[in-house]
Amino acid sequence: MKEKLVLIGNGMAGVRTLEELLKIAPDKYDITVFGAEPYGNYNRILLSPVLAGEKTIDQIMLNDKQWYADNGITLYCGKEKEVVQIDRRKRKVITSDGTTAEYDFLLLATGSNPFIVPVPGNDLPGVVTFRDIRDVDLMLEASKQHQHAVVIGGGLLGLEAANGLMRQGMSVTVVHIQDTLMERQLDKAAGELLRKSLEERGMHFYMPAQTTAIIGEDRVRGVRFKDGSELYADLVVMAVGIRPNIELAKKSGIHCERGIVANDTLQTYDPRVYAVGECVQHRGQAYGLVAPLFEQAKVCANHLAHLGYARYQGSMTSTKLKVTGIDLFSAGDFTGDETTEEIVIKDAARGMYKKIVLKDNRIHGAVMYGDTVDGAWYFQLMRDGTDVSAFRDHLMFGESHLGDAGHGGQNKAASMSDSMEVCGCNGVCKGAIVKAITDKGLFTLDEVRTHTKASSSCGSCTGLVEQIMSSVLGGGYSAAPKEKPVCKCTDHTHDEVRKVIRQQHLLSIPDVMHYLEWRTPNGCHSCRPALNYYLLCAWPAEYKDDAQSRFINERVHANIQKDGTYSVVPRMWGGVTTPDELRTIADVADKYKIPTVKVTGGQRIDLLGVKKEDLPDVWRDLNKGGMVSGHAYAKGLRTVKTCVGKEWCRFGTQDSTAMGIQLEKRTWGSWMPHKFKMAVSGCPRNCAEATIKDFGIVAVESGWELHVGGNGGVKVRATDLLCKVTTDAEVEEYCYAFIQLYREEAYYLDRTAPWIERVGLEYVKQRIVEDAEGRKALCERFVESQKYAQIDPWEERASHDVERHEFVPLKLVG
Amino acid sequence: MIETMTDWIEIGTLEDIPRLGSRVVRTTQGDIAIFRTAEDEVFALNDSCPHKGGPLSQGIVHGKRVTCPLHNWVLELSSGTAVAPDQGHTACFPVKVEDGMVRLSLQPQA
């Protein structure tokens, strides 16, 4: 017989837990749900748009009653089905009309109650809270018959209610006890800007003011304040806050403080009873935003399914306001103290304000008003504890760099129309994203990425997508764990995986998966290439490369094109070629009827449209002409671009071409976390564009400048200067040491730019410039690993039949 | 399906297909991708992703699924159906392995 699970509370957190549970253990329980509201499960976050008339109740339903029936869940909902007693000894719950249900496990998701200000008259008709569908109905009803609304509470909830009522045509005054709106999320300056902008929309404010009574006889007529003044009102909304609803739990003897106390598995002090959502107090903290609640749901489901490995460790949250046209963002501690520093920009005329609070060169908190597109980036830096000293001088200007491509320079989602394109990679418009969020009930960035593909390719529009999500969903839609796992097959991070590979001397992908208890039998297209690389990097001599865990381009050593043909790029050392090489290329292009011959940005020649079965023959001919693979397909060294240097150029200060050729001869064939490009310029005019390469070298009269962490592409990033050296030998040593540090420490698919932004330039300088012994050791490890890497893959396949099955059909039929 | 109505074509041995890999059978109606899982099960799909026609035979095989090399759509090997939230379907062909010999039918599964 199945075990019985009872859920008390039919809200978002509880039902999300059931959904997560059904995903991983669909047949484990007979499930019964008790809900005090007479509906299925709806999206409480979207009550504000319903009040504002932008949505209907039907549009915010997440699970209608049919869903419960389809999943074999018994649903009791409505006032009379409110659970009034839990008999923990007999393990059953009892409702006010006497309905009972027995349980093996009980899940409490009783949510929270609005706080009612304890003043006389607070129970008069016309006094409402803002919490559920009934409240919204009451407000909508009142807005049709009455004119004057007073909203008590100038926080997130109060302002959303006030905005909604204003949209329904009422004259609205917001009463607030403090002198700053949303003082828990905003500092004084940002609060002032918000107030000004809301006043321009017609909202009135009465603050600071302490309410002492609600006046009226058979219906509310006004509000009285401590100083004796009064405001006329025929509708009063109490929106001063929420309190975890712990009454039932407390009555049943389950340990509660401010909320129901739960541990990292969301278990209460009764091991048969779990709790999720706003009613929970976890590590002293109660959460009211959706992202942490959904994290809890996931962990709780894991334990209800008796898998027993997930852990909830608390969430860091950020807030955005969902009042159309107002962009504000806040996260962390934005007040600061004597141990913190502040960076502030304010442009009141443009309605723009930004403040970042730093502590020990790390972001401690941030408040933004008007321009919030970088909120997600600051939040990420804060969560990761990134040292920002290297880019502190442009921190305030956001993550965007000169020349960002892909979203038409848009940085304000609010000003975009539905038909404007947000994601240039996948052609996704704003309207499509909004529709997916509301129709499919999406809450996290990952969900939006999976469903719409927006922001899932290059990621440059992530800020915009997050803005759209916040304008639809409001606060706290996203709070990923501090360090991301490698992929959905595991909870382990990249760092953990690499550490285990080294410490346990693991030598195969199955060994790693077994040791770290991967959830899938043989991983997925995300984790397998990453593991293959980590193993290769850790054990260059011992590890046997797994071709089936490589992306097709690296498996067949050519670049797949949209029509399934391939492109072939032979290596041209330092971008220098000869008439013989060019003749060979021309002959190959003729012989194999290659449709397109193109010069690349990295000073190479690309042969496009080669049929897969021709690849070995093409390579054999190129090999005969003295050319090897150009690795234009590899997560590894691509090209070293050079200028002609002092050999020809009247400005040249060093022989940049010879230096480029030397570096390429030593570094080709190495596998890395992502593609890696180098360039050598012969003078500061920098014709080889070395300052947008992963490793760029600029010659000066007295030696060489070494630059790191640049790239062109989606987010153009100019390099940071690593140091200056004088001899050619030093250039080589620093270069190989830098590459090896990147190989050993960056996450798979991180280019050098995001890696350096994560670890900080100071760290890289310390390892490469200051620590001479460490540098030498890195350099030696690189040289050692190159012994096994510098084998031309084209020759192996063209002349020695390696991986022959890749290039011939299994069978021709018909 | 009635066994006698199916024309089974010998296409090669199990060993000809790399584990967690794929080979192509070229037919007059187009390429068919033959996949082999880690457990040595064999599946056959039309070698064309329902999204933009990418060659599935070039993808990474994991579990009983393959990821298209062009835009990372994931398809079920046993049915040719795209894994949600993507929606689409590519033809799936019957295959059987007997005594190490792989046989394919060109009648797509209903």
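Within every chain, numbering begins at 1; the chains are lettered A, B, ... in the order of the sequence lines, protein sequences first and strands thereafter.
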Considering only heavy atoms, which portion of [X] lies under 4.5 Å from any heavy atom of chain B: side chain, backbone, both, or neither?
X	result
A:K440	neither
A:L812	both
A:R550	backbone
A:P529	side chain

N-O pairing of A:K635 and A:E554 below 4.0 Å: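 Between A:E554 and A:K635 there is no salt bridge, as every charged N stays at least 4.0 Å from the carboxylate O atoms.
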Check ion pair A:R16-A:E447 (N to O, under 4.0 angstrom):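 Salt bridge: yes.
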Measure distances from [X] to the heavy atoms of chain A and classify the residue's part below 4.5 Å as side chain, backbone, both or neither.
X	answer
B:L104	neither
B:I11	both
B:D47	neither
B:R65	neither
B:P69	both
B:V74	side chain
B:L70	side chain
B:E10	backbone
B:I32	neither

Mark yes or no for whether [X], through its side chain, and [Y], through its backbone, hold a donor-acceptor pair below 3.5 Å.
X	Y	result
B:R26	A:P809	no
A:T438	A:K435	yes
A:K611	A:Y592	no

Neighbour count >12 (heavy atoms, 6.0 Å) for atom NE2, A:H514: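 Atom NE2 in A:H514 is not crowded, with 12 or fewer foreign heavy atoms closer than 6.0 Å.
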Over 12 foreign heavy atoms within 6.0 Å of CD, B:Q87: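 Check fails, neighbour count at 12 or below.
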Pairwise side-chain contact, A:Y748 with A:S526, heavy-atom cut-off 4.5 Å (strictly under):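 Result no, sub-4.5 Å side-chain heavy-atom pair not found.
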Under 3.5 Å side-chain donor-acceptor pair for A:T565 and A:D563: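 Yes, because at least one side-chain N or O of A:T565 sits under 3.5 Å from a partner of the opposite role on A:D563.
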Greatest number of heavy atom pairs closer than 4.5 Å to chain B - which of A:T520, A:L810, A:D546, A:N553: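 Of the options given, most contacts go to A:L810.
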